[in-house]
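Every chain is numbered from 1 and lettered A, B, ... according to where its sequence line falls, protein lines coming before strand lines.
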There are 2 protein chains.
Amino acid sequence: MAGIEEVAKKAGVSTATVSRALSGRGYVSEATRSKVRGAASELGYVVSSTASGLASGRTRNVGVVVPLLSHWYFSTVVEGAETALLRRGYDTTLYNLMGGEAERRSVFTHFLLRKRVDAVIAINLELTVDEVRALHDLRKPLVGIGGPIPDVPTLALDDFEVARLATSHLAGLGHRRIGHIGGGREFDIDFHLPTTRRRGYEVALADAAITLDERLIRPADFTMKGGYVAAKQLLGSPVDRPTAIFAASDEMAIGAILAARDLGLSVPRDVSIIGVDDNQQAPFFDLTTIAQFPRQQGETAVDLLLAELGESTTAPTDLNLPFELVVRGSTARPQE
Amino acid sequence: MAGIEEVAKKAGVSTATVSRALSGRGYVSEATRSKVRGAASELGYVVSSTASGLASGRTRNVGVVVPLLSHWYFSTVVEGAETALLRRGYDTTLYNLMGGEAERRSVFTHFLLRKRVDAVIAINLELTVDEVRALHDLRKPLVGIGGPIPDVPTLALDDFEVARLATSHLAGLGHRRIGHIGGGREFDIDFHLPTTRRRGYEVALADAAITLDERLIRPADFTMKGGYVAAKQLLGSPVDRPTAIFAASDEMAIGAILAARDLGLSVPRDVSIIGVDDNQQAPFFDLTTIAQFPRQQGETAVDLLLAELGESTTAPTDLNLPFELVVRGSTARPQE
DNA sequence: GTGAAAGCGCTAACAG
DNA sequence: CTGTTAGCGCTTTCAC
């Protein structure tokens with residue numbers, strides 16, 4: 001366990017110079033710098049993050065807070081953020097809020113305040129003003145994904161436009177009876193995502209001069225099973241059956257595909273189905289979907305954060321997250 | 001940002017007493033302790049983990065290293081570990097090695113050595129002796145999941161027995177032609193899991209006096225698509241088609257179910273299918289499987305680790321991870 | 001461009 | 001049971 005002193009001795013300089021040479025702060029001649037680097041690596045020296053953190057106030061550690069980890073979307077965002085942070089020399093400390101209110105309180109009143117992290121990324125979390133203030137008081141930059149969070153720069157997907165694009169794709173193919181799975185107000189957590197997507201669906205219908213039929217809208221819980229059950233309802237009746245379905249997530253869309261199959265309907269011949277996400281299973285089910293890019297979202301959040309920490313000059317200017325229609329085999333023109 | 005000094009003043013004691021009262025180390029009278037607690041919470045005092053870490057050598061932070069995060073198994077193990085750690089007052093710092101060799105090297109030669117963590121949990125990672133030594137030299141306890149790693153206590157699933165149990169379930173139902181998906185030596189990473197499971201399959205066949213038929217074994221890559229493709233091969237030919245399939249993972253088993261459906265075969269009437277994992281989709285597909293419990297695995301790893309850190313007396317004694325046959329609707333007796 | 005030295009905020013002997 | 005005090009290993013003025 002070599003310390004800075006030994007490196008200094010070996011390089012024939014002072015500890016102050018070693019610190020400057022290795023951290024890149026302050027002036028050091030190129031010659032000295034490489035001498036120090038050499039000594040450090042020969043000794044296997046790595047700065048102690050606790051000592052450095054105490055002295056400088058910077059920990060090179062970022063807290064990433066998620067409501068849940070064991071789901072494709074969240075684990076992929078975290079993966080993207082962790083990779084980007086590691087590349088910049090930062091560690092990632094993970095806080096999963098799944099445990100409920102008590103756990104959430106302890107994270108915000110204790111864990112995040114003990115100066116282990118320089119900044120925080122909050123993923124799909126509706127933070128209270130108190131939670132935001134606690135972090136602001138500590139001068140910890142905070143960025144969100146999936147916002148909006150008041151007073152916090154937040155990367156967000158335009159769910160309204162996403163839904164509108166998906167629905168327009170179906171309308172553009174010639175569908176007139178388009179069902180929707182996912183618009184239940186009872187699942188209106190997460191910044192009202194279900195309601196917003198439903199509004200996009202409704203507006204796209206209006207754009208195409210299609211009259212809204214409330215019976216074609218089924219609430220569901222964003223799981224494959226929920227999509228399956230909803231689609232069975234939608235597709236089960238032989239009269240006035242929709243020829244297309246916009247599901248607000250890929251999981252529900254895949255559930256709908258399986259429901260269609262179980263009903264003896266062929267996708268896309270008898271019914272077209274489109275989802276949202278482009279998750280890992282979408283290609284296998286040949287699902288047309290609106291892709292979002294969670295890994296990139298994590299990386300972009302890191303760019304934004306490092307800019308706030310003054311570590312970078314390339315702050316993303318557009319806080320709107322990209323999305324893209326991916327046309328695969330689950331959508332087609334309706335039959336004549 | 002109140003410091004320990006202010007708390008000490010407010011409580012009318014010394015900083016040392018505050019430290020003792022709050023950390024629980026050393027003797028403090030109950031009266032003093034509650035006085036200190038009161039003062040601390042009034043001031044919103046939270047110990048600085050950098051200062052505390054520097055002074056004590058303990059960071060109350062554990063590193064969790066995974067080869068990949070965006071997969072059900074890994075994110076669930078991490079979730080379990082994070083929850084258990086948070087409950088004990090520990091933070092979780094995540095290292096994802098997905099980036100390849102360079103990233104892996106930097107994690108082991110730099111990130112883990114900078115004294116940010118007290119201990120390390122390695123999930124499904126074949127650590128080199130150098131990597132283990134680097135950690136041992138720092139006196140950082142290390143526990144593995146999915147081992148074995150030399151010189152490291154490792155929680156592991158007995159893949160041989162898992163496969164044997166799955167195959168015996170099928171044989172016990174009366175199946176004689178039992179296929180296997182997943183035994184490819186070409187996917188033999190992860191401690192030879194595929195090969196071990198294949199051996200369990202072979203031994204179970206022998207137990208049931210069934211002659212091994214090499215044509216009934218198809219290698220696959222542990223994805224749904226891989227399972228689908230392999231099952232199509234296995235089930236496609238009308239003669240000598242297996243009446244049951246043991247897939248080495250639920251994802252492949254689900255792919256096999258979908259392949260059977262596409263071939264017009266009914267599960268379980270025409271073919272029984274069993275998987276391994278009990279992942280989140282298994283119930284939806286009514287899949288019989290050998291469950292493993294990744295969340296608990298993460299928690300158990302934490303128990304083991306905290307025992308090594310001297311924080312706990314309840315070290316798990318059995319390093320064999322539990323598994324369990326979950327019979328659902330995808331397996332049944334073969335047709336007469 | 002480099003060195004000397006004063007902390008950063010807490011913990012852990014040690015003494016009482 | 002509690003207070004005093006000397007660090008923990010760096011970073012950062014401030015001189016030079």
Side-chain angles (χ1 to χ4, degrees), chain A residues 1-37 39-40 43-61 89 110 113-118 138-139 310, chain B residues 1-37 39-40 43-61 89 110 113-118 138-139 309-311:
Chain A
M1 262 303 73
I4 198 172
E5 198 110 16
E6 302 166 53
V7 177
K9 196 167 299 165
K10 178 147 198 158
V13 297
S14 69
T15 61
T17 298
V18 173
S19 174
R20 284 188 287 250
L22 261 25
S23 71
R25 307 184 155 254
Y27 298 99
V28 185
S29 75
E30 222 12 273
T32 313
R33 185 186 306 278
S34 67
K35 222 170 29 186
V36 171
R37 285 231 182 87
L43 293 169
Y45 170 76
V46 178
V47 327
S48 154
S49 60
T50 49
S52 165
L54 178 58
S56 70
R58 279 171 274 102
T59 63
R60 298 192 77 76
N61 187 200
H110 182 81
L113 304 186
R114 55 172 155 175
K115 295 184 172 148
R116 194 191 286 304
V117 301
D118 290 337
L138 288 188
R139 330 226 83 97
Chain B
M1 261 305 72
I4 198 173
E5 199 110 15
E6 302 165 53
V7 177
K9 195 167 301 166
K10 177 149 201 154
V13 297
S14 70
T15 61
T17 299
V18 172
S19 175
R20 283 188 288 250
L22 262 24
S23 71
R25 305 184 157 254
Y27 298 99
V28 185
S29 76
E30 223 9 274
T32 312
R33 186 187 304 279
S34 69
K35 224 172 26 185
V36 171
R37 285 231 183 89
L43 293 169
Y45 171 76
V46 178
V47 326
S48 155
S49 60
T50 49
S52 164
L54 178 58
S56 70
R58 280 172 274 102
T59 64
R60 298 193 76 76
N61 187 200
H110 183 80
L113 305 186
R114 54 172 156 175
K115 295 184 174 151
R116 194 190 287 304
V117 302
D118 290 338
L138 287 189
R139 332 224 81 96
L309 285 171
E311 285 257 329

**Q** For A/Thr59, what residues pass the side-chain hydrogen bond (donor to acceptor under 3.5 Å, both in side chains) criterion, not counting sequence neighbours?
**A** A/Asp118
**Q** Under 4.0 Å between a side-chain N/O of A/Arg58 and OP1 or OP2 of D/dT12, yes or no?
**A** yes
**Q** Rounding to a whole Å, what distance do you find between A/Leu43:CG and D/dG9:C1'?
**A** 15 Å
**Q** Does a nitrogen or oxygen in the side chain of B/Ser29 sit under 4.0 Å from OP1 or OP2 of D/dT2?
**A** yes
**Q** Can A/Ser52 and A/Ser49 be counted as having a side-chain donor-acceptor contact under 3.5 angstrom?
**A** no
**Q** I need the CZ-P distance between B/Arg114 and D/dG9, as an integer number of Å.
**A** 17 Å
**Q** When you check the phosphate oxygens OP1 and OP2 of D/dG9, does a side-chain N or O of A/Ser48 lie under 4.0 Å from one of them?
**A** no
**Q** Pick the closest DNA chain D nucleotide for A/Leu54 and for B/Thr15 by heavy atoms, then say which residue is nearer the 5' end.
**A** B/Thr15
**Q** Looking at D/dC1, C/dA13, D/dT11, which one has an atom nearest to any side-chain atom of B/Arg20?
**A** C/dA13
**Q** Of the options C/dA12, D/dG9, C/dG1, whose atoms approach the side-chain atoms of A/Ala51 most closely?
**A** D/dG9
**Q** Whole-Å distance between C/dG3 C1' and A/Lys9 NZ?
**A** 15 Å
**Q** Could you tell me the separation between the CG atom of A/Leu22 and the P atom of D/dG9, rounded to a whole number of Å?
**A** 17 Å
**Q** May I ask you to decide whether B/Glu6 forms a salt bridge with B/Lys9, counting only side-chain N to carboxylate O separations under 4.0 Å?
**A** no
**Q** OP1 or OP2 of C/dT11 versus the side-chain N and O atoms of B/Ser56: is any pair under 4.0 Å?
**A** no
**Q** Whole angstroms only, please: what is the CD1-P distance between B/Ile4 and D/dT4?
**A** 14 Å
**Q** Report the C-alpha separation of A/Ile4 and A/Val47 in whole Å, then their side-chain angles, then the decisive distance to 0.1 Å, and conclude whether the side chain to side chain contact (heavy atoms under 4.5 Å, CB included) test is met.
**A** CA-CA 8 Å; A/Ile4 198 172; A/Val47 327; over 6 Å; no
**Q** Looking at every non-hydrogen atom in both residues, tell me the closest pair between A/Glu5 and A/Thr15 and how far apart they are.
**A** CA-CG2, 4.0 Å
**Q** Without decimals, in angstroms, what is the distance between A/Lys115 NZ and C/dC10 P?
**A** 6 Å
**Q** Can you tell me the distance, in whole Å, between the CZ atom of A/Arg60 and the P atom of D/dC10?
**A** 16 Å
**Q** For the CG atom of B/Asn61 and the NZ atom of B/Lys115, what is their distance to the nearest 0.5 Å?
**A** 15.0 Å
**Q** Between A/Arg25 and C/dG1, is there a contact of a side-chain N or O with OP1 or OP2 at under 4.0 Å?
**A** no
**Q** Using a cut-off of strictly less than 4.0 Å, decide whether A/Tyr27 has a side-chain nitrogen or oxygen near OP1 or OP2 of D/dT12.
**A** no
**Q** Of A/Val47 and B/Thr32, whose closest DNA chain D nucleotide lies nearer the 5' terminus?
**A** B/Thr32
**Q** Regarding A/Val13, tell me which of base, sugar-phosphate or nothing describes its non-hydrogen contacts under 4.0 Å with the strands shown.
**A** sugar-phosphate
**Q** Would one find a side-chain N or O of A/Ser52 under 4.0 angstrom from OP1 or OP2 of D/dC10?
**A** no
**Q** What nucleotide among D/dT12, D/dG3, D/dG9 has an atom nearest to a side-chain atom of A/Ala16?
**A** D/dT12
**Q** Could you state the CD-C1' distance from A/Glu6 to D/dC8, rounded to the nearest angstrom?
**A** 15 Å
